[in-house]
Peer 1: 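Structure in structure tokens, see below.
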Amino acid sequence: MRRTHATTLTLLSFALVAGALPACGEGRQEMLEREMEYAKAGRKDDKGVPIPEIPPDEMREALRPLLTQIYSNTERLPDVTEGDVEPTDGRNYVLQPGVLAVVTVKKGLTKADKARAIILGVAEADAWTFRKNARKEFALQVEKLKYSFGDDTKAKVLDAYPHLKLLSFFGSPEADKALGELSGDAKSTAEAMRKEYTEGKQDIWKKWLGVKMYARRLVGQDEPFRSVLKKIAKDFGQEEVPPKPFKESVDAPFKAWAEAIEKDEKLLTMLTNYKELRDRVDFLGEAHTLWAIEGSELVPERAKGVAIDKKLGYGFFREDLGGGYNDLVFVFSKKLGGNELKRAFLHSFLFRQLLTDFQLLSTAGTDFAKRGPDGQVDIGTATVPDKYDPLYASCGGSAALETMLYSFNSEFPLLSGVPSKVKDSEAALKIAHKCVVDGAAGDIKIPAKNDEFDTEGPAPASRLALFQMLARFENIKVNTAVLAGDQRTAEDDAIDDGEKLLKQLKAEADAKKKD
């Protein structure tokens, strides 16, 4: 189906705003009334030529008792006309939304197919109609969907609304009354659709849940979706999955460790990199992550069969929620226990953090950039391919864990009993860098062995990115008394001894000259 939603309504929104500017203090209701007056005065094209009024469609009038229950604008129903359109998705219509909404159905349809197209078209047009209790114009919501989640998600949201609207309607008492006032093809088609929607509610809801979670939340908190979703929850029991707090997102073996992390704000910040209090509170209230033992009931259906990485001790399932958020499921090997399980648990936190570490991935991007004949980098291609995000999270997470263990082992009780496998951050960096180079072989920058102009070695940007990241996990203690010069150090003593020796040697040399 050819879409005109965004363009048409964006222009309409700007027209409404522009029209409201001269009328200081004019509200949204007044703006709508003024637009309705314009509608009653007749349509005009871009050149100001009046457009003939669309005569009432016979099938639309036959469906009127039902359509007036579906469409929220009590002033007028959308006009219905036939045209040479080529819609897709089997809907048999195209929609021009807005105050002067028009549903154009494909020519040559049977009466039943035309009735179905009109019902669906009016249900879709309902999303765009004016609502007093809306916080934000639907057009603005659609624009935010487009720029935050992309055209694909925007289209899924728009396509879902008419089905959700009809599901909420056909499950209501108003549907009984409306269907009772219909007759002929209008009645038989509406009854068939009612059966289809009520019996297929699970499929409709499943399709809605297929939209990225944060996109659903964006539109679900405001009209037109809010009322529709609330009604579906009441009549059919279909509701969004409630938020799962961090303490409920971990399997039994992790409970005590999760509690220790939650109580220690410094450790929580280090493991999540949530520097703002609000972000940490949001995480504790809804982690968007599950930590489960292999075979546990906590492992959701979508993550069953996840392959366990023997080096890490766990496997993971990742779902893109949109808006930069991920839904993660970590499945740990049932063979692990004690400190080895704790090590894997801590590593999963750092893996989770680095999987979307923009600074790490953007800094490393140059290693994957295409280069011209003169070796100059094409900055437009300086991006780490998505398939390597887990590689950087895994390699970097291991280096971060070892650095954190030797830096803070005595500071955080949770880390006790889990010794670091490296002696310093330089060793951790070297291992992580080799891990990335080996894992991305064939795509990452590796200079030829005989390249006499190479001064940086393999994947220098990735090494820098890992080096910068590891700074977060080093315990750098600064002695302010030493910096101020108020406290002597071993280095001060060594300098004094050196100066004393130099003076002695100089004195001996001067004495020899006199002799």
Side-chain angles (χ1 to χ4, degrees), residues 5-6 8-21 23-40 66-78 95 97-101 119-146 148-149 154 156-175 177-178 204-205 208 211 213-240 242-243:
H5 297 119
T8 303
L9 204 68
T10 301
L11 292 173
L12 174 62
S13 295
F14 287 138
L16 287 174
V17 173
L21 289 176
C24 183
E26 183 180 36
R28 292 171 65 238
Q29 177 65 41
E30 288 76 13
M31 289 163 61
L32 174 71
E33 290 173 353
R34 196 157 42 78
E35 287 299 312
M36 290 305 300
E37 287 301 319
Y38 166 79
K40 291 174 183 177
L66 182 145
L67 299 180
T68 52
Q69 294 296 323
I70 294 173
Y71 198 62
S72 302
N73 185 348
T74 57
E75 293 289 332
R76 67 182 294 279
L77 286 174
L95 172 67
V99 175
L100 304 175
I119 292 171
L120 269 172
V122 170
E124 184 175 351
D126 178 67
W128 303 90
T129 195
F130 173 82
R131 288 172 170 82
K132 288 183 180 179
N133 58 340
R135 300 190 193 102
K136 184 184 291 187
E137 296 290 347
F138 188 53
L140 299 179
Q141 295 183 48
V142 171
E143 287 297 298
K144 188 168 183 179
L145 275 173
K146 176 182 177 180
S148 298
F149 301 95
K154 182 194 78 172
K156 286 182 178 180
V157 171
L158 294 175
D159 289 343
Y161 183 80
H163 295 299
L164 293 172
K165 176 68 177 183
L166 291 177
L167 177 61
S168 70
F169 167 71
F170 283 126
S172 68
E174 289 80 6
K177 183 177 183 298
I204 294 170
W205 190 250
W208 170 239
V211 176
M213 179 185 288
Y214 276 86
R216 300 200 309 269
R217 288 187 178 181
L218 172 66
V219 296
Q221 64 188 0
D222 200 357
E223 301 300 339
F225 277 88
R226 183 174 57 190
S227 298
V228 169
L229 294 173
K230 187 176 180 180
K231 200 166 190 315
I232 290 174
K234 179 182 177 182
D235 295 341
F236 295 101
Q238 304 282 16
E239 295 184 89
E240 289 278 355

Peer 1: Given side chains that start at C-beta, do those of L66 and Q69 come closer than 4.5 Å, heavy atoms only?
Peer 2: no

Peer 1: Give, for atom CG of L67 and atom OH of Y71, the distance between the pair rounded to the nearest 0.5 Å.
Peer 2: 11.0 Å

Peer 1: Output yes when a side-chain donor or acceptor of R216 lies under 3.5 Å from a complementary backbone atom of V211, and no otherwise.
Peer 2: yes

Peer 1: Report the distance from atom CD of Q221 to atom CZ of F225, rounding to the nearest 0.5 Å.
Peer 2: 12.5 Å

Peer 1: Salt bridge between E174 and K177, side-chain N to carboxylate O under 4.0 Å?
Peer 2: no

Peer 1: With the threshold set at 4.0 Å, does a side-chain nitrogen-carboxylate oxygen contact exist between K165 and D126?
Peer 2: yes

Peer 1: Is it true that atom NZ of K144 has more than 12 heavy atoms of other residues, nucleotides or ligands lying nearer than 6.0 Å?
Peer 2: no

Peer 1: Would you call F170 and L166 a side-chain contact if the rule is heavy atoms closer than 4.5 Å?
Peer 2: yes

Peer 1: Can you see which heavy atom on D222 is nearest to which on R135, and at what distance?
Peer 2: OD1-N, 3.0 Å

Peer 1: Do F130 and K132 have side chains that approach each other closer than 4.5 Å (heavy atoms only, starting at C-beta)?
Peer 2: yes

Peer 1: Verify the ring-centre separation between W208 and Y161: is it less than 6.0 angstrom?
Peer 2: no

Peer 1: Do you know which two heavy atoms are closest between K136 and Q141, and how far apart they sit?
Peer 2: O-NE2, 3.4 Å

Peer 1: Write down the atom of A101, the atom of R76, and the distance for their closest heavy-atom approach.
Peer 2: N-NH1, 3.7 Å

Peer 1: Identify the heavy atoms of L229 and W205 that sit nearest to each other, and give their distance.
Peer 2: CD2-CZ3, 3.8 Å

Peer 1: Considering all heavy atoms of both residues, which atom of D235 and which atom of S168 are nearest to each other, and what is their separation?
Peer 2: OD2-O, 4.2 Å

Peer 1: Find out whether L218 and F149 are in side-chain contact, i.e. whether some heavy atom of one side chain is under 4.5 Å from a heavy atom of the other.
Peer 2: yes

Peer 1: Might you point out which heavy atoms bring P162 and L120 nearest each other, and give the distance in Å?
Peer 2: CB-O, 3.9 Å

Peer 1: Please round to the nearest 0.5 Å and tell me the distance separating atom OG of S227 and atom CG of L164.
Peer 2: 12.5 Å

Peer 1: Counting C-beta onward and ignoring hydrogens, is there a side-chain heavy-atom pair between R131 and T129 closer than 4.5 Å?
Peer 2: yes

Peer 1: Test side chain to side chain contact (heavy atoms under 4.5 Å, CB included) on L158 and F138; report intermediate values, then the result.
Peer 2: CA-CA 11 Å; L158 294 175; F138 188 53; 3.9 Å; yes

Peer 1: Can you check side chain to side chain contact (heavy atoms under 4.5 Å, CB included) on V228 and F169, steps first, answer last?
Peer 2: CA-CA 9 Å; V228 169; F169 167 71; over 6 Å; no

Peer 1: Do I204 and Q238 have side chains that get closer than 4.5 Å, going by heavy atoms?
Peer 2: no

Peer 1: If you define the side chain from C-beta out and look only at heavy atoms, does anything of E223 sit under 4.5 Å from N133?
Peer 2: yes

